[in-house]
Asker: 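Just passing along the structure, written as structure tokens.
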Amino acid sequence: MATRGGAVPFRSSDGLSTRQVGNSDEVQVRIVDPMHADLDDEITGLRSQVHKLRHVAQEINSEAKFQSDFMDQLQMTLIQVQASLKNNMRRLNSSIVQSGSNHVLHVVLFALFCLFLVYFWSKFSRH
């Protein structure tokens with residue numbers, strides 16, 4: 001058995017252990033239960049894993065918020081593109097209708113010009 005200031009720690013069969021703290025004359029007593037010592041290590045390990053899982057969950061939450069914001073922004077861009085496309089289609093349709101009517105007008109004017117040419121040619125060829 002060791003004395004209070006001795007270098008040899010005392011350990012009983014009940015799980016009591018003593019050790020000297022630093023250079024002082026104080027003795028620290030810790031009760032060690034061999035059956036629950038492994039449980040303490042397991043609890044410490046589980047606590048560490050829970051901390052890691054909490055960190056992963058926070059990262060997943062952050063990524064989910066980023067993806068949600070990105071999707072909202074993408075949806076707004078899509079709505080703007082659809083509105084712009086609809087506006088451009090309306091302009092294109094009116095342009096096609098106008099150019100189509102201009103085309104018909106050109107054909108009619110060409111036909112009238114040809115008729116006048118034929119009329120004047122026939123009039124001058126009789127003389």
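Values below: all heavy atoms of this structure, side chains included; hydrogens, waters and symmetry mates excluded.
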Asker: Atom CG in Asn87, atom CZ in Arg90: separation rounded to 0.5 Å?
Answerer: 5.0 Å
Asker: What pairs with Gln82 under side chain to side chain contact (heavy atoms under 4.5 Å, CB included), at least two apart in sequence or on another chain?
Answerer: Leu78
Asker: Check whether more than 12 heavy atoms from other residues, nucleotides or ligands sit under 6.0 Å from atom CD of Gln73, and answer yes or no.
Answerer: no
Asker: Roughly how far, to the nearest 0.5 Å, is the OG atom of Ser68 from the CG atom of Asn61?
Answerer: 10.5 Å
Asker: Side-chain heavy atoms under 4.5 angstrom apart, residues restricted to Ile, Leu, Val, Met, Phe, Trp, Tyr: same cluster for Leu112 and Val104?
Answerer: yes
Asker: With Arg47, which residues qualify under side chain to side chain contact (heavy atoms under 4.5 Å, CB included), at least two apart?
Answerer: Ile43
Asker: When rounded to the nearest 0.5 angstrom, what distance separates CG in Leu92 from CD1 in Ile96?
Answerer: 4.0 Å
Asker: Is the backbone of Trp121 close enough, under 3.5 Å, to the side chain of Ser125 for a donor and an acceptor to pair up by distance?
Answerer: yes
Asker: Going from CG on Leu115 to OG on Ser122, what distance comes out if it is rounded to the nearest 0.5 angstrom?
Answerer: 10.5 Å
Asker: If you round to the nearest 0.5 Å, how far is OG1 of Thr77 from CG of Asp72?
Answerer: 10.5 Å
Asker: Would you list the pairs meeting side chain to side chain donor-acceptor pair (under 3.5 Å) in which at least one residue belongs to residues 51-60, sequence neighbours left out?
Answerer: none
Asker: Supply the atom-to-atom distance Phe70 CZ to Glu63 CD, rounded to the nearest 0.5 angstrom.
Answerer: 11.0 Å
Asker: Would the distance check show the side chain of Ser84 and the main-chain N or O of Gln80 forming a donor-acceptor pair, the cut-off being under 3.5 Å?
Answerer: no
Asker: With clusters defined by side-chain heavy atoms of hydrophobic residues (ILVMFWY) lying less than 4.5 Å apart, directly or transitively, does Ile60 cluster with Phe66?
Answerer: no
